[in-house]
Amino acid sequence: MSGSSSLDGFKLEGRIALVTGAGRGIGRACALQLANAGARVIGVARTASDLQELATTHPAIETWQFDVTGNEILAQIESLDRLDVLVNNAGTNRPQPFLEVELEALDEMLALNQRSLFRTAQAAARVMVKSGSGSIINIGSQMGHVGAAHRSVYCMTKHGVEGLTKAMAVELAPMGVRVNTVAPTFIETPLTQPMLEDPKFSQSVLAKIPMGRLGSVEDVANAVLFLACDASGLVTGDSLKVDGGWTAV
């Protein structure tokens with residue numbers, strides 16, 4: 001080894017990346033970060049206005065308007081000639097006490113956080129194995145490693161994402177496809193804003209983060225970039241926690 005350092009491993013020129021839930025929050029930040037690293041990015045979301053705004057932010061971003069719980073997005077992914085990176089980000093949370101969880105909330109989180117994530121990953125992997133390479137990044141949560149009151153269903157779905165990631169990583173490794181999870185703590189996004197506006201709740205969250213601050217969407221996007229590029233070429237089946245130390249306590 002020459003001893004010289006290089007940032008070439010963090011570049012994505014010539015790569016094609018697809019990001020679900022790209023209209024807002026973490027997904028939008030990931031789409032921009034990957035585009036800034038040189039990738040041609042396909043941003044997927046349901047809301048046309050969000051996609052229109054995203055498309056104007058970077059010339060390398062194209063947009064697809066789909067509901068990821070449907071079948072159309074799967075056919076569209078499998079029609080691609082090539083796909084190098086999938087950021088499987090679409091998800092939701094509806095906090096409710098365990099004894100009061102509504103069937104509608106249970107079904108919604110299972111459908112979006114697990115079923116659609118599984119099917120999107122499956123469609124992407126079918127494209128990637130044809131070229132013998134690829135990186136699938138499932139967006140999980142610190143709640144995929146711990147438990148929390150009023151988050152029984154969310155924790156269940158995110159623990160499931162961690163299990164899926166490990167199983168996919170083992171099975172797809174011989175085919176050249178890496179699979180990892182990024183597991184953020186509470187991130188300031190439109191989804192979490194209503195919860196974090198409650199001072200008592202916000203203080204309780206900060207008390208559990210040794211670094212003493214909430215996460216930003218850029219914190220998560222940086223982790224995603226690392227797992228998307230060649231710099232993490234031997235990393236698979238892992239969960240990169242962006243949690244300020246929450247799960248280390």
Side-chain angles (χ1 to χ4, degrees), residues 16-23 25-27 30-31 34 42-46 64-80 82-94 101 103-145 151-184 191 220 223-224 227-228 235-241:
I16 300 173
L18 188 145
V19 181
T20 67
I26 290 172
C30 290
L34 297 176
I42 301 167
V44 181
R46 292 181 299 179
W64 292 356
Q65 187 178 3
F66 286 108
D67 182 340
V68 295
T69 62
N71 293 324
E72 294 84 357
I73 178 65
L74 306 175
Q76 189 77 0
I77 291 172
E78 292 197 44
S79 72
L80 292 170
R82 177 181 173 186
L83 182 62
D84 301 291
V85 178
L86 168 67
V87 182
N88 221 352
N89 168 69
T92 192
N93 185 18
R94 290 177 58 178
V101 169
L103 182 59
E104 179 189 1
L106 173 64
D107 289 344
E108 179 185 10
M109 282 187 272
L110 287 171
L112 185 55
N113 294 2
Q114 287 194 327
R115 190 174 189 273
S116 73
L117 181 141
F118 179 100
R119 298 185 76 203
T120 302
Q122 186 181 56
R126 285 172 175 163
V127 179
M128 291 175 177
V129 297
K130 293 177 183 178
S131 59
S133 65
S135 175
I136 295 175
I137 303 157
N138 294 321
I139 302 299
S141 169
Q142 67 184 16
M143 296 301 172
H145 298 269
R151 284 165 174 75
S152 56
V153 181
Y154 188 74
C155 288
M156 176 177 69
T157 61
K158 293 302 185 177
H159 274 76
V161 169
E162 294 294 343
L164 173 63
T165 294
K166 289 181 173 63
M168 287 177 60
V170 171
E171 188 166 344
L172 296 177
M175 305 174 201
V177 178
R178 298 185 295 114
V179 189
N180 293 285
T181 305
V182 171
L191 180 65
V220 182
V224 165
L227 293 174
V235 181
T236 196
D238 205 356
S239 181
L240 179 49
K241 304 182 192 73

Not counting sequence neighbours, which residues clear side chain to side chain donor-acceptor pair (under 3.5 Å) with Thr69? List them please.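 Testing Thr69 for side chain to side chain donor-acceptor pair (under 3.5 Å), a comparison that skips the adjacent residues, returns Asp67.
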I'd like to check the side chain to side chain donor-acceptor pair (under 3.5 Å) partners of Asn88; sequence neighbours left out, ordered by chain and number.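 Asn88: side chain to side chain donor-acceptor pair (under 3.5 Å) contacts with Asn138.
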To the nearest 0.5 Å, what is the distance between [atom1] ([X]) and [atom2] ([Y])?
X	Y	atom1	atom2	value
Leu112	Asn93	CG	CG	11.0 Å
Arg82	Asp84	CZ	CG	4.0 Å
Ser131	Leu83	OG	CG	8.5 Å
Leu80	Met128	CG	CE	10.0 Å
Thr181	Leu164	OG1	CG	8.0 Å
Met168	Phe118	CE	CZ	8.0 Å

Which pair of heavy atoms, one from [X] and one from [Y], lies closest together, and at what distance?
X	Y	answer
Gly140	Pro184	O-CD, 3.4 Å
Arg178	Val235	NH1-O, 3.0 Å
Gly21	Ala90	N-CB, 4.0 Å
Asn113	Gly91	OD1-CA, 3.2 Å
Ser135	Ala228	OG-CA, 3.9 Å
Ile136	Ala121	CD1-O, 3.9 Å

Could you list the residues that satisfy side chain to side chain contact (heavy atoms under 4.5 Å, CB included) with [X], not counting sequence neighbours?
X	answer
Val129	Leu172, Met175, Val177
Leu240	Ala223, Phe226, Leu227
Ile73	Val44, Trp64, Phe66, Ile77
Glu78	Ala123, Arg126

Can any side-chain N or O of [X] pair as donor or acceptor with the backbone N or O of [Y] at less than 3.5 Å?
X	Y	value
His145	Lys241	no
Thr157	Leu110	no
Thr165	Val179	no
Thr120	Leu117	no
Asn89	Ile139	no

Which pairs pass salt bridge (Lys or Arg N to Asp or Glu O under 4.0 Å) with one or both residues in residues 153-169, sequence neighbours excluded?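 Counting only pairs at least two positions apart or across chains, no salt bridge (Lys or Arg N to Asp or Glu O under 4.0 Å) contact touches residues 153-169.
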Quick test of your reading: applying salt bridge (Lys or Arg N to Asp or Glu O under 4.0 Å), list the pairs with at least one residue in residues 107-120, sequence neighbours left out, ordered by first then second residue.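 For residues 107-120, and leaving out neighbouring residues, the salt bridge (Lys or Arg N to Asp or Glu O under 4.0 Å) pairs sorted by first residue read Arg94-Glu108.
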Verdict with supporting geometry, Leu86 and Ile137, side chain to side chain contact (heavy atoms under 4.5 Å, CB included): CA-CA 6 Å; Leu86 168 67; Ile137 303 157; over 6 Å; no
Tell me, yes or no, whether the heavy-atom count around Gln122 atom CD, taken from other residues, nucleotides or ligands under 6.0 Å, exceeds 12.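 Enclosed.
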Asp238: salt bridge (charged side-chain N to carboxylate O under 4.0 Å, His left out) partners, not counting sequence neighbours: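 Expected list: none.
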With sequence neighbours excluded, tell me which residues meet salt bridge (charged side-chain N to carboxylate O under 4.0 Å, His left out) with Arg46.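 Testing Arg46 for salt bridge (charged side-chain N to carboxylate O under 4.0 Å, His left out), a comparison that skips the adjacent residues, returns none.
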With the side chain counted from C-beta on, respond yes when Val85 and Leu18 share a heavy-atom pair under 4.5 Å apart, and no when they do not.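 Side chain of Val85 against side chain of Leu18, heavy atoms only: no contact under 4.5 Å found.
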